[in-house]
Amino acid sequence: IKDTKDIRAEEIDIHEVISIVIADLQRKFDKDNINVTMSLANDMPRIPMLATKIEEAILDILQNMIDALPGGGDISIATYVVYGEDKNAGGSIVIVMEDTGDGIHPEHLDHIMSPCFTTKEDGMGLGLYMAKKSIGDHGGNLTVENKPTKGARFTITLPIKSGLHV
């Protein structure tokens, strides 16, 4: 196990991270008849992060979305930047991932990212918990909600300035 003192954040393009995860899952998307669309912001700033941790978080979220689409469906991924009044003070990048599944049962919404919470027969309940933890370790936030129409929406917010806490 690598000592976390030796781990260094690198300035990463979040679109590259998303593309790597999508490429890794492409066969699964094709096999399960899932269409993925992306709307990625232009001029996205590079942010300091441990790319593998954010890759794993996005992968865990997308894996849950795939599981929510057993008969196929759509997943959309969008990115944008939010700045405060002073652009030099930082801001956040936002990644919004939505699916066209049945959504999350309302009584599960508050617990879906808790450790060991699962509704899957073979699940361990760690994927979304670890995703939330990894994003939180970067000073960010992960939220989930049901869309007003159909499906779920996961929103990742990551600070542009380093918020990494390892």
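Computed from a predicted structure; not experimentally measured.
Annotation for Thr100 and Lys150: closest pair O-CE, 3.6 Å, computed over non-hydrogen atoms. Scanning both residues, Leu40 and Ile77, for their nearest heavy atoms gives CD2-O, 4.4 Å. Considering all non-hydrogen atoms of both residues, Val21 and Glu55 come closest at CG2-O, 3.6 Å. Contact detail for Ala131 and Ile61: the closest heavy-atom pair is CB-CG1, 4.4 Å. Residues Ala68 and Asp99 share a closest heavy-atom pair of CB-OD2, 4.2 Å. Closest approach of Met65 and Ala152 over heavy atoms only: CE-O, 4.1 Å.
No continuous path of hydrophobic side-chain contacts links Ile20 to Ile75 [ILVMFWY only; heavy atoms under 4.5 Å]. Cluster membership for Phe29 and Leu59, using ILVMFWY side-chain heavy atoms within less than 4.5 angstrom, is shared. A continuous path of hydrophobic side-chain contacts links Ile12 to Leu142 [ILVMFWY only; heavy atoms under 4.5 Å]. By the criterion of side-chain heavy atoms lying less than 4.5 angstrom apart, applied directly or through intervening Ile, Leu, Val, Met, Phe, Trp or Tyr residues, Met49 is not grouped with Val96; the two fall into different hydrophobic clusters. Cluster annotation: Val82 and Ile135 are assigned to distinct hydrophobic clusters (Ile/Leu/Val/Met/Phe/Trp/Tyr, side-chain heavy-atom contacts under 4.5 Å, transitive).
Summarising the geometry, atom OG1 belonging to Thr143 is positioned 6.0 Å from atom CD belonging to Glu145; distances are rounded to the nearest 0.5 Å. Atom CD1 of Ile58 sits about 13.0 Å away from atom CZ of Phe154, to the nearest 0.5 Å. Here the CD1 atom belonging to Ile18 is positioned 7.5 Å from the CE atom belonging to Met38, to the nearest 0.5 angstrom. Here the CD1 atom belonging to Ile47 is positioned 8.0 Å from the CD1 atom belonging to Ile160, to the nearest 0.5 angstrom. A distance of 9.0 Å separates CG in Asp74 from CD1 in Ile34, rounded to the nearest 0.5 Å. A distance of 5.0 Å separates CD1 in Ile22 from CG in Leu62, rounded to the nearest 0.5 Å.
Side-chain atoms of Gln26 and Lys31, non-hydrogen and from C-beta on, never get closer than 4.5 Å to each other. Side-chain contact between Pro45 and Tyr83 is present, with at least one heavy-atom pair separated by less than 4.5 Å.
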Practice task
Mind running side-chain contact (heavy atoms from CB on, under 4.5 Å) on Lys28 and Gln63 for me, showing each step along the way?
Solution key: CA-CA 10 Å; Lys28 182 86 171 134; Gln63 190 60 58; 4.1 Å; yes
Handout entry: Met97 vs Arg153, side-chain contact (heavy atoms from CB on, under 4.5 Å): CA-CA, chis, key distance, verdict
Key = CA-CA 6 Å; Met97 295 180 279; Arg153 175 183 298 124; over 6 Å; no
Exercise for the section: Report the C-alpha distance between Ile93 and Thr157 in whole Å, list the side-chain angles of each, state the deciding distance to 0.1 Å, and finish with yes or no for side-chain contact (heavy atoms from CB on, under 4.5 Å). Expected result: CA-CA 6 Å; Ile93 65 162; Thr157 306; over 6 Å; no
Handout entry: Step-by-step side-chain contact (heavy atoms from CB on, under 4.5 Å) determination, Lys53 to Asp137
Key = CA-CA 9 Å; Lys53 291 293 187 184; Asp137 287 348; over 6 Å; no
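With hydrogens and angles disregarded, no donor-acceptor distance shorter than 3.5 Å links the side chain of His138 to the backbone of Ile54. Side chain of Ser39 to main chain of Ala78: no donor-acceptor pair is present (N/O by atom type, distance under 3.5 Å, no hydrogens or angles).
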